[in-house]
Amino acid sequence: MNIIFLGPPGAGKGTQAQRVCEELNIPQISTGDILRRAIKEETPVGLKAKAFVESGALVPDEILVEIIKDRLAQDDCSKGYILDGFPRTVPQAEALEKIAKIDVVVELAVDDEALIRRLSGRRVCLKCGATYHVSTLGDRTTCEKCGETLIQRKDDNPETVKNRLDVYHSQTAPLIAFYEGKGLLKTFDGMQDIDAVYASIMGTLRALA
Ligand code: AP5
Ligand code: MG
């Protein structure tokens, strides 16, 4: 199954996509993780993307479309995948239609206030992509999956979070109507706890399989 996870920053796309991908044994394609890795490794894409990502703006569509074209052409995508963070604009969604057949769009709906709380306490592992929140980490400072030291993302400061939310509402939220119009949209209450959101998503995906 080819799945898109759509939702504002902090909605839980990465948290849920990682669990669903493990369960379905398909790759999680997080464009945010790909860009952060490229920035860390100072690749040509990373150098172009850095200022956009760190200010909370969107990286230009043509860069993202190239990244996704290359990634979807890899062998591990043949049995399905989750796109986590792509598409984020209508032109990206239109470009995707030319290279992939999407089966379902999972939208996670969460209030802005909760998003700000979640992002301000988030800690991430840049090596394996695992995501945590300080409220459940205790005094742990390393990733329980791979042992890497956890960090706070540079774009999780209050000013950049506000910018990311504005960008989501103006540039990405129009995709909700775009995919609703195509009969692909399934909306989930992302305000529930992580296990409850996961159970709802898996229930829907199993019914579609
Ligand atoms: P990206 O990395 O995709 O960031 P984002 O969309 O802003 O989303 P986040 O990763 O911040 O949130 P999430 O929904 O994954 O939430 P998470 O599971 O971590 O993109 C970063 C940047 O890259 C963009 O700003 C842009 O510059 C660039 N970019 C990426 N893709 C692009 C594209 N297609 N086009 C152009 N530019 C692009 O959860 C958040 C926190 O909440 C965690 O602490 C978690 O533990 C907690 N949490 C999760 N679920 C729950 C729950 N149910 N209850 C309570 N807490 C929860
Ligand atoms: Mg994410």
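Every number for a ligand or one of its atoms is a count from 1 in the order of the listing. Basis for what follows: all heavy atoms, side chains included, without hydrogens, waters or symmetry-related copies. The first residue in the sequence is number 1, and the count goes up from there. Quick caveat, the model's predicted, so the values are computed rather than measured.
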Do you know which two heavy atoms are closest between P87 and L175, and how far apart they sit? O-CD1, 3.3 Å

Shortest non-hydrogen pair, I82 vs V20, comes out as CD1-CG1, 3.6 Å

Give, for atom CG of L58 and atom OG of S170, the distance between the pair rounded to the nearest 0.5 Å. 8.0 Å

If I take atom OG1 from residue T89 and atom CZ from residue F178, how far apart are they, to the nearest 0.5 angstrom? 9.5 Å

Please confirm whether the backbone N or O of [Y] pairs with a side-chain atom of [X], one donor and one acceptor, at under 3.5 Å?
X	Y	result
T142	T149	no
E54	A51	no
R164	D155	yes

Starting from [atom], what is the nearest protein heavy atom, named by residue and atom, and what distance separates them?
atom	answer
atom 55 (C) of ligand 1	R118 NE, 3.6 Å
atom 16 (O) of ligand 1	G12 N, 3.2 Å
atom 22 (C) of ligand 1	V53 CG1, 4.1 Å
atom 28 (C) of ligand 1	L35 CD1, 3.5 Å

Heavy-atom contacts with [X] under 4.0 Å: which atoms of ligand 1 show up? List them by number with element.
X	value
A11	14 (O), 16 (O)
T31	30 (C), 31 (N), 32 (C), 34 (N)
D193	53 (N)
A57	26 (C), 27 (O)
P8	14 (O)
T15	17 (P), 18 (O), 39 (O), 45 (C), 49 (C)
T131	19 (O), 43 (C), 45 (C)
Y132	43 (C), 44 (O), 46 (O)

Strictly below 4.0 Å, N to O, side chains only: are [X] and [Y] in salt-bridge contact?
X	Y	result
E42	R37	no
R19	D195	yes
R122	D156	yes
E180	K186	no

Heavy-atom contact check, 4.0 Å cutoff: does [X] meet ligand 1?
X	value
R123	no
L119	yes
Q192	yes

Can you find an N or O of [X] that's nearer than 3.5 Å to an N or O of ligand 1?
X	value
L64	no
D33	no
D84	no
D155	no
D156	no
V197	no
S30	no
G7	no
G10	yes
F86	no

Decide side-chain hydrogen bond (donor to acceptor under 3.5 Å, both in side chains) for N163 and T160; before the verdict, give the C-alpha distance in whole Å, the side-chain angles of both, and the deciding distance to 0.1 Å. CA-CA 5 Å; N163 194 23; T160 312; over 6 Å; no

Would you sort out whether Q16 and I194 count as a side chain to side chain contact (heavy atoms under 4.5 Å, CB included), showing the intermediate values? CA-CA 8 Å; Q16 297 297 337; I194 291 173; 3.7 Å; yes

Closest by any non-hydrogen atom to atom 24 (C) of ligand 1: pick that one out of M191, Q171, R88, R122. R88

Pairs in or reaching into residues 110-119: which pass side chain to side chain donor-acceptor pair (under 3.5 Å), with residues at least two apart or in two chains? D112-H169

Tell me whether R123 forms a cation-pi arrangement with Y132, defined as NZ or CZ under 6.0 Å from the six-membered ring centre and within 45 degrees of its axis. no

